[in-house]
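First the proteins, then the strands, lettered A, B, ... as listed; each starts at 1. Note that this is a predicted model, so its numbers are computed, not measured.
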Amino acid sequence: MGDISNYFEGVTTVFRNKDLLQIDHVPDNERLIIGRESQLNALATGLQPAVEGQKPNNVLIYGKTGTGKSLCSKFMARQLVSAASENDVSVGVAYVDCFQDSTESQVIRSLGSTINDQEVTDETFPASGVSTSECYKRAWRVMDDLYDVVVVVLDELDKMDDPNSALMNLSRAAEAEKIQSCKLGIIGISNKPRFKDRLNERARSSLCQRDFVFPPYDANQIEKILEARDGAFKDDVLEPGVIPRAAALAAREHGDARKAIDILRTAGEMAQEEQADTVREGHVDAAQVQTERDHLIEVLAEQPPHSRYVLKSVALLDQQMDDRAVKSSDVNQLYRQICTEQYSSDPLSWRRVRDLLHELEFLEIIERKRKGAGRGEGGYMETHLLDAPEIVIDACDAIESDGR
DNA sequence: AATCCACTGGAAACCTAGGGCC
DNA sequence: GGCCCTAGGTTTCCAGTGGATT
């Protein structure tokens, strides 16, 4: 081995175990989960029967982003698997993010392929080419073949196009004798408390056997959460004010622990980049701006290019109109102009632009209100950006230049 | 309270690309 | 090879809507 490693020498690192600050990191000790004792207990009670190989209760969980819903569900599912295996009960857990897999067909495919073991069952779950009902049948066979109990975690359930049909099919699997020996339990996770209203009678009664709420964390709890993960850093790297500062910033926005952890990790990365020995409060403030931009870029990068052109038009109008409302038809006008002049591509139809605006609203990047302008003037939609226009424009441009 | 209009958003249909099964 | 499936992006058509003005 020659001296190929020079690149890594002499770079001081502030991290000891950065994994602790990844958002999907699930602690292996419940003492590291702060302030969620009653929720963990409720979850455990719901899942309890599965330890004996019985059917677990279906559970519905509400709570805003970053309140520990996914974390607790994953943690408890893992506990369940090991507790059950001591009784010789084999439990399968399928975690499905309905934001990514938003149609019934995608959900069942994703579910199937996570619990599947092709070597044993000889089943496959191709992304296309097989009907949805065939995928269900394959999933039932996999469950019967491999497991005594299967727990399906449906995260971001409110982001599903039509949750009813999938929920009905899953919850009624046993009654309809689709699966013979295997028991199936569902944990549904939703950001919106009103989600229940979108469900029909059957889906609601089966899913909502038990439901409970994850309240937002307060600044104190967020501080403890961050402290619980300070092993991510080397000793004495964090200056005293850092954690309280990060906690305060995150608590200001509806107690989002995920955001707090993001900010802390980014602050560390920034300190490291400038080869500082310690992470200071200044890094935290800079990290907050950075994470906001990063988040925007992450979301926008997955959108079709024209969605970004539309958003950019909104941002430009928002910027130049001071506090006058932005009308969708104005957005369309500017969008058409930007398309031909800046990106030299054919603008999409007016109808499609309205759809893109609708999607941007759904992604919580813009906010809209319907207005009527009066006799002979028609009605229109008032659009507002949720972030500063400069950040939005910057993020759009960053993706464009990054894209190739 | 009736009117009026541009805008809104649902529905249907089209197209392309990707793929499985017999 | 023919027939079946799904997905994503788009267009076309159109009934419905809000609220200031009459």
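Relative to the ring axis of A:Tyr380, A:Lys371 does not place its NZ or CZ within 45° and under 6.0 Å from the centre.
Within residues 300-307 of chain A, no residue places a heavy atom under 4.0 Å from DNA chain B.
Listed by chain and number, the residues in a side-chain hydrogen bond (donor to acceptor under 3.5 Å, both in side chains) with A:Ser344 amount to none (sequence neighbours excluded). Here A:Phe233 pairs with A:Phe15 under the ring-ring contact (aromatic ring centres under 6.0 Å, His included) rule; sequence neighbours left out. Among residues two or more places apart in sequence or in another chain, the side-chain hydrogen bond (donor to acceptor under 3.5 Å, both in side chains) test is passed with A:Lys18 by A:Glu269. A:Thr124 is linked by a side-chain hydrogen bond (donor to acceptor under 3.5 Å, both in side chains) to A:Arg138, counting only residues two or more places apart in sequence or in another chain. For A:Arg210, there are no salt bridge (charged side-chain N to carboxylate O under 4.0 Å, His left out) partners two or more places apart in sequence or in a different chain. For A:Gln290, the side-chain hydrogen bond (donor to acceptor under 3.5 Å, both in side chains) partners two or more places apart in sequence, or in a different chain, are A:Asp294.
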Problem set entry | Summary of protein contacts for nucleotides 13-22 of chain B, nucleotide by nucleotide, where a base hit scores B, a sugar-phosphate-only hit scores S (4.0 Å, heavy atoms) | -----BBSS-
Tabulate protein N/O versus nucleotide N/O from nucleotides 13-17 of chain C, keeping only pairs under 3.5 Å, one per line.
{"unit_1": "C:dG16", "atom_1": "N2", "unit_2": "A:Arg370", "atom_2": "NH2", "d": "3.2"}

Pairwise N/O distances under 3.5 Å, protein to nucleotides 1-4 of chain B:
{"unit_1": "B:dT3", "atom_1": "O2", "unit_2": "A:Arg375", "atom_2": "NH1", "d": "2.8"}

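The nucleotide whose nearest atom lies closest to any side-chain atom of A:Tyr380 is, among B:dT8, C:dT11, C:dT6, B:dT8. Nearest to the side chain of A:Thr132, among C:dG9, C:dA7, C:dT6, sits C:dT6.
Residue A:Glu382 contributes atom CD, which lies 15 Å from atom C1' of B:dT8 at whole-angstrom precision. Taking atom NZ on A:Lys371 and atom P on B:dT8, their separation rounds to 13 Å, with Å as the unit. Straight-line distance from the CG atom of A:Leu357 to the P atom of B:dC7: 13 Å, rounded to whole Å. The CG-C1' distance, from A:Leu348 to C:dG9, rounds to 9 Å in whole Å. To the nearest angstrom, C1' of B:dA6 lies 12 Å from CG of A:Asp330. In this structure, the CD atom of A:Gln106 is 8 Å from the C1' atom of C:dA7, given to the nearest Å.
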Review item, side-chain donor-acceptor pairs of residues 47-57 of chain A, under 3.5 Å, at least two apart:
{"unit_1": "A:Lys55", "atom_1": "NZ", "unit_2": "A:Asn58", "atom_2": "OD1", "d": "3.4"}
{"unit_1": "A:Lys55", "atom_1": "NZ", "unit_2": "A:Leu184", "atom_2": "O", "d": "3.1"}
{"unit_1": "A:Asn57", "atom_1": "ND2", "unit_2": "A:Gly46", "atom_2": "O", "d": "3.3"}

List the atom pairs, with distances to 0.1 Å, where a side-chain N or O of residues 213-227 of chain A and a protein N or O form a donor-acceptor pair under 3.5 Å, not counting sequence neighbours.
{"unit_1": "A:Tyr217", "atom_1": "OH", "unit_2": "A:Thr67", "atom_2": "O", "d": "3.4"}
{"unit_1": "A:Asp218", "atom_1": "OD1", "unit_2": "A:Asn220", "atom_2": "N", "d": "3.1"}
{"unit_1": "A:Asp218", "atom_1": "OD1", "unit_2": "A:Gln221", "atom_2": "N", "d": "2.8"}
{"unit_1": "A:Gln221", "atom_1": "OE1", "unit_2": "A:Asp218", "atom_2": "N", "d": "3.1"}

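Checked options A:Asp148, A:Leu80, A:Val81; the residue passing with A:Val89 is A:Asp148 (criterion: side chain to side chain contact (heavy atoms under 4.5 Å, CB included)).
In summary, the side chains of A:Thr121 and A:Asp145 do not present any donor paired with an acceptor at a separation below 3.5 Å, with no hydrogens or angles considered.
Note on A:Ser131: every side-chain N or O is 4.0 Å or more away from OP1 and OP2 of C:dC5. Remark: A:Ser328 is in phosphate contact with B:dT8, judged by side-chain N or O atoms under 4.0 Å from OP1 or OP2. Listed pair A:Ser329 / B:dC7 meets the phosphate criterion, a side-chain N or O lying under 4.0 Å from OP1 or OP2.
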